[in-house]
Amino acid sequence: MVFPFHNSLKASRIKAKIDRDTAYPKHIAIMMDGNGRWALRRGLPRTAGHYAGMKTMENTIRICKKNDVKILTLYAFSTENWKRPKAEVEYIIGLIHEFIAEDTLHEMNRNRIRINFIGDLSRFSTETQNLMRNAAALTKSNSDMVVNFAVNYGGREEIVQAIKGYLKEGSVELSEEEFERYLYTSECPPPDLIIRTSGEKRLSGFLLWQSAHAELWFTSEMWPSFNEYLLYKAIHEYQCRKRRV
Ligand code: IPE
Ligand code: IPE
Ligand code: MG
């Protein structure tokens, strides 16, 4: 039998081992994978997994804020994900709408969290693009934490559009620093830690340039089952790797 306090006890035990002063990850990026499998294992439609995944995502933002993670980048929809059945794609876009609805934005403002979108937004409908721009504009001055949502994001697409941007406007000789100014993440340092749920161990196009020196952490848990304990576990292992202890 699993006692109800089992998870929170496990979480507080591992949290106590985390050093907040040294090698604390400033930027965590998460590949929120496994919604479909989570649902199918429960005899539910894949969409139920996406809904549960959104609730987990909202909770993860709260946990990260509480734990002083300054930048959180979430892979929500890839350039490849358009190949899924139309109904599933529409459901996911509907969830994005729900996420950036007014009450969430109020919560973000109360918690001084800035929302940003990275990816090629031009593929979305005008309505969706406007909602995304509105969410970014309304939270723009919040400076405690940044949440980047990667939507219609693909690392290769990002690099190609950066090259195009540089060719069009670049005036300074090309260097790594100059190139980074044209990436979607130009305002952020690269991620320190990249987490992928669901047991898959690949990047699926996520932050191809920015992941060069990141630590990668994998868990076989499906995204809707991600929790505080797993986040602390990832941070703790990240710190152990950094210090080679
Ligand atoms: C991740 O879960 C969410 C998105 C890609 C939008 P999946 O939908 O990929 O779930 P699995 O990997 O099929 O279980
Ligand atoms: C990666 O997951 C994209 C997101 C988490 C949004 P996928 O499920 O789309 O990736 P593959 O197909 O397993 O590589
Ligand atoms: Mg998947």
Side-chain angles (χ1 to χ4, degrees), residues 27-61 63-64 71-100 104 115-125 128-129 131-132 135 147-161 183-185 188 191 193-211 214-227 230-231 234:
H27 182 175
I28 297 180
I30 308 184
M31 305 180 71
M32 308 183 288
D33 196 17
N35 291 349
R37 278 165 284 170
W38 180 91
L40 294 179
R41 284 177 194 175
R42 285 161 179 77
L44 299 168
R46 290 177 59 84
T47 47
H50 293 311
Y51 183 80
M54 185 176 84
K55 295 291 148 200
T56 300
M57 183 182 86
E58 289 173 348
N59 201 34
T60 304
I61 296 171
I63 299 166
C64 285
I71 306 163
L72 181 64
T73 299
L74 299 167
Y75 204 3
F77 193 82
S78 78
T79 47
E80 305 299 304
N81 290 151
W82 295 102
K83 293 181 191 139
R84 295 187 179 196
K86 197 165 173 261
E88 183 177 345
V89 170
E90 280 172 3
Y91 187 85
I92 294 170
I93 294 175
L95 284 179
I96 297 174
H97 283 210
E98 207 175 295
F99 177 70
I100 50 183
T104 326
I115 297 182
N116 198 28
F117 288 89
I118 62 171
D120 175 12
L121 305 190
S122 71
R123 176 117 187 229
F124 294 101
S125 70
T128 303
Q129 288 184 49
L131 283 171
M132 290 174 181
V147 178
N148 293 313
F149 285 100
V151 288
N152 189 26
Y153 176 90
R156 288 186 179 174
E157 190 279 332
E158 178 183 37
I159 290 170
V160 169
Q161 69 79 38
L183 294 173
Y184 295 131
T185 52
C188 296
L193 169 64
I194 297 179
I195 294 172
R196 183 169 189 159
T197 56
S198 91
E200 309 298 350
K201 295 191 177 69
R202 54 179 173 267
L203 282 175
S204 302
F206 195 39
L207 302 176
L208 295 183
W209 172 279
Q210 300 87 336
S211 61
E215 288 290 340
L216 309 180
W217 190 83
F218 302 99
T219 170
S220 57
E221 290 290 341
M222 301 297 148
W223 174 248
S225 308
F226 190 76
N227 56 28
L230 290 170
L231 180 78

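For ligands, and for the atoms within them, numbers begin at 1 and follow the listed sequence.
Of all atoms in ligand 2, listed by their number and element, those nearer than 4.0 Å to a heavy atom of Asp33 are 2 (O), 8 (O). Those atoms of ligand 1 with a heavy atom of Ile92 less than 4.0 angstrom away are 6 (C). Close contacts of ligand 1 with His50, meaning ligand atoms under 4.0 Å from a residue heavy atom, involve 3 (C), 8 (O).
The side-chain heavy atoms of Ile118 and Thr73, taken from C-beta on, include a pair separated by under 4.5 Å. In this structure the side chain of Met32 reaches within 4.5 angstrom of the side chain of Leu74, judged on heavy atoms. The shortest side-chain heavy-atom distance between Asn152 and Glu157 does not fall under the 4.5 Å cut-off.
Among protein heavy atoms, the minimum distance from atom 7 (P) of ligand 2 is reached at Arg84 NH2, 3.9 Å. The closest protein non-hydrogen atom to atom 12 (O) of ligand 2 is Arg202 NH2, 4.5 Å. Taking atom 1 (C) of ligand 1 as the reference point, the nearest protein heavy-atom neighbour is Met32 O, 3.0 Å. Looking only at protein heavy atoms, the nearest one to atom 14 (O) of ligand 2 is Ser204 OG, 2.6 Å. At the top of the distance list for atom 6 (C) of ligand 1, counting protein heavy atoms only, stands Ala76 O, 3.3 Å.
By the 3.5 Å distance cut-off applied to N or O atoms, Asn81 is not counted among the residues near ligand 1. Of the N or O atoms in Trp38, none lie within a sub-3.5 Å distance of an N or O in ligand 1. No N or O atom of Glu200 sits closer than 3.5 Å to an N or O atom of ligand 2. Between Phe77 and ligand 1, a contact under 3.5 Å exists for no N or O pair.
Counting only distance, with no hydrogens or angles, the side chain of Thr197 and the backbone of Asp33 share a donor-acceptor pair below 3.5 Å. Under the 3.5 Å distance criterion, the side-chain polar atoms of Ser125 are matched with a main-chain donor or acceptor of Thr128. Judged purely by atom type and a 3.5 angstrom limit, Arg46 has no side-chain atom pairing as donor or acceptor with the backbone of Glu88. With hydrogens and angles disregarded, a donor-acceptor distance shorter than 3.5 Å links the side chain of Trp223 to the backbone of Gly53. With hydrogens and angles disregarded, a donor-acceptor distance shorter than 3.5 Å links the side chain of Thr56 to the backbone of Pro224.
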Exercise for review: Tell me, with the steps shown, if Glu200 and Met31 meet side-chain contact (heavy atoms from CB on, under 4.5 Å).
Suggested key: CA-CA 10 Å; Glu200 309 298 350; Met31 305 180 71; over 6 Å; no
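When non-hydrogen atoms are compared, ligand 2 lies under 4.0 Å from neither the backbone nor the side chain of Lys83.
The name of the N, O or S atom in Asp33 nearest to the Mg ion (ligand 3) is OD1.
Using 4.0 Å as the threshold, Gly34 has a heavy atom nearer than that to some atom of ligand 1.
The distance from the Mg ion (ligand 3) to the nearest N/O/S atom of Glu200 is not under 2.8 Å.
Note on ring orientation: taking the six-membered ring where Trp is involved, the planes of Phe124 and Trp82 are tilted (angle from 30° to 60°). Ring planes of Tyr75 and Tyr153: perpendicular class, angle over 60° (limits at 30 and 60°).
At least one protein heavy atom sits closer than 4.0 Å to atom 10 (O) of ligand 2.
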